[in-house]
Colleague: 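Below is the structure I would like to discuss, written out as structure tokens.
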2 protein chains.
Amino acid sequence: MSTIARGTADRILDTAERLVQLRGYNAFSYADVAKAVGIRKASLHYHFATKGDLGLALVTRYRRAFVDQLHAIESASDDPLERLERYGELYGSVLRRKRMCMCGMLATDAATLPRAMRESVAEFFAENVGWLTRILEQGRKRRELRFAGTPAAMATFFVSSLEGAMLVAYGSGNVESFDGAARQLLTIVRPERAKAATPTPRRKAP
Amino acid sequence: MSTIARGTADRILDTAERLVQLRGYNAFSYADVAKAVGIRKASLHYHFATKGDLGLALVTRYRRAFVDQLHAIESASDDPLERLERYGELYGSVLRRKRMCMCGMLATDAATLPRAMRESVAEFFAENVGWLTRILEQGRKRRELRFAGTPAAMATFFVSSLEGAMLVAYGSGNVESFDGAARQLLTIVRPERAKAATPTPRRKAP
DNA sequence: GTCTATAGGCAGATAGAC
DNA sequence: GTCTATCTGCCTATAGAC
């Protein structure tokens with residue numbers, strides 16, 4: 001995958017994605033992207049006419065990639081708790097690359113975004129809540145998960161807590177705090193809920 | 001208090017605070033503030049020489065106000081659970097004014113902030129975690145709160161979840177989702193939690 | 001598809017009059 | 001303390017050559 005030559009548009013998206021995740025929508029420029037990609041500012045406009053077009057393409061691609069990873073999680077495991085663990089690990093892996101979730105980042109920029117971008121960011125959260133709701137519903141039915149309230153409410157709480165854990169970890173430069181928060185989060189849906197928070201025994205895939 | 005005439009510096013801070021909470025540090029300008037306050041850009045520089053100076057003053061003032069509110073909560077109630085409810089309501093009241101937490105907002109801007117600002121934002125989170133740790137510790141000791149893990153870990157989770165609930169609500173324009181998340185959060189520290197029909201607790205090996 | 005050149009505007013910041 | 005005037009630099013975006 002990484003050895004395949006990619007088109008200019010893809011390289012632009014990769015670079016812009018990184019910059020948005022690091023600095024936010026209003027703190028990256030065509031000049032930044034052009035420099036990193038190795039072409040001129042004007043050439044960027046050939047691929048993405050306006051910054052809004054580029055931004056929308058970024059969110060669209062990010063959402064698609066995220067949805068793909070959700071499907072991958074369902075393929076990899078049938079156990080609700082393990083699926084939730086892997087879901088949290090999606091966020092963790094972003095943070096370990098020293099980035100913030102793109103849509104969490106754009107959420108704070110919402111007031112300054114073109115309408116289409118803002119709506120797509122909202123859809124990202126809705127998509128995640130929808131997926132989690134299904135997993136939680138199924139897990140409760142099978143008695144492999146236990147939690148208070150509706151699956152939808154718990155799903156919203158899940159997304160919120162992971163986004164917040166990333167936000168605080170990113171903003172305070174304290175990456176470890178994310179892992180602790182993610183662990184707490186899993187504790188509250190574990191059926192055998194223990195008094196002491198012990199690290200989760202993680203099954204490794206062969 | 002609201003009838004007292006305030007100095008220019010205070011009015012600048014009020015306006016800049018609102019703009020940062022709405023749009024972020026990189027999406028407000030001296031021109032915006034000057035227009036709203038009713039003076040010229042150049043006059044702002046008399047009060048705050050650079051944007052970084054203004055930003056640092058904003059965070060400092062915000063932190064002080066927040067700490068004051070924490071003290072007010074301790075004065076208003078002796079009950080740990082009620083204190084936590086009121087703590088959540090601090091966040092809720094910001095969101096109901098259609099704003100994002102200033103430090104949550106600045107957390108996403110971290111990579112672009114002057115060092116002093118970035119450190120002060122990190123201190124905001126640390127202060128909150130510190131206060132919550134005390135409340136949680138005391139509540140557990142008195143058996144009026146119940147939760148897994150250390151008080152410090154739970155405190156970090158608390159701040160993360162509330163910040164994240166604000167972030168998602170703000171970014172998706174769905175303010176109601178915050179209240180649901182805040183309610184879920186309180187559920188997990190309530191001592192009388194869920195003794196409903198649970199499957200036989202199977203203890204996993206650590 | 002990529003380039004040079006440039007338009008037109010806004011950014012943060014300063015000098016100096018009043 | 002607030003003003004006018006101005007500087008320098010960066011921003012998004014476009015025109016037109018190659």
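A, B, ... follow the sequence lines: proteins, then strands. Residue 1 opens every chain.
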Colleague: Going 5' to 3' through nucleotides 4-14 of chain C, assign each nucleotide B (protein heavy atom under 4.0 Å from a base atom), S (under 4.0 Å only from sugar-phosphate atoms) or - (no protein heavy atom that close).
Modeller: BB-----SBBB
Colleague: Can you list the residues that meet the ring pair (Phe, Tyr, Trp, His ring centres under 6.0 Å) rule with A/Phe48, with sequence neighbours excluded?
Modeller: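 If we apply the ring pair (Phe, Tyr, Trp, His ring centres under 6.0 Å) test to A/Phe48, skipping adjacent residues, there are no hits.
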Colleague: Is a salt bridge present between A/Arg142 and A/Asp78, judged by a nitrogen-to-oxygen distance below 4.0 Å?
Modeller: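 Here A/Arg142 pairs with A/Asp78 in a salt bridge, since their nearest N and O are under 4.0 Å apart.
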Colleague: Can you list everything that forms a ring pair (Phe, Tyr, Trp, His ring centres under 6.0 Å) with B/His45? Sequence neighbours excluded, please.
Modeller: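 Ring pair (Phe, Tyr, Trp, His ring centres under 6.0 Å) check on B/His45 returns B/Tyr30.
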Colleague: Could you state the atom-to-atom distance from CD1 of B/Ile39 to C1' of D/dG1 in whole Å?
Modeller: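 Interatomic distance, CD1 of B/Ile39 to C1' of D/dG1: 9 Å.
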Colleague: Mind running a 4.0 Å heavy-atom check of residues 8-20 of chain A against DNA chain D and sending the residues that fall below it, in number order?
Modeller: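 Close to the strand, none.
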Colleague: What integer distance in Å separates A/Leu54:CG from D/dA13:C1'?
Modeller: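 Checked: the CG to C1' distance equals 14 Å.
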Colleague: Is any NZ, NE, NH1 or NH2 atom of the basic residue among A/Glu82 and A/Arg86 found under 4.0 Å from an Asp or Glu carboxylate oxygen of the other?
Modeller: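 Yes, A/Glu82 and A/Arg86 are salt-bridged.
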Colleague: So does A/Glu74 pair up with A/Arg134, basic N to acidic O under 4.0 Å?
Modeller: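 Counted as a salt bridge, because a side-chain N and a carboxylate O are separated by less than 4.0 Å.
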Colleague: Once ring pair (Phe, Tyr, Trp, His ring centres under 6.0 Å) is applied, what residue pairs with a partner in residues 166-185 of chain A remain, sequence neighbours excluded?
Modeller: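 The answer is none; no pair qualifies.
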Colleague: Among residues two or more places apart or on two chains, list those pairs meeting salt bridge (Lys or Arg N to Asp or Glu O under 4.0 Å) that have a residue in residues 167-183 of chain B.
Modeller: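 Pairs touching residues 167-183 of chain B that pass the test: none.
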Colleague: Just say parallel, tilted or perpendicular for the rings of A/Phe28 and A/Tyr25, cut-offs at 30° and 60°.
Modeller: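 Ring orientation of A/Phe28 relative to A/Tyr25: perpendicular.
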Colleague: Which whole-number value in Å describes the distance from B/Tyr46 OH to D/dT4 C1'?
Modeller: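 So the two atoms are 18 Å apart, to the nearest Å.
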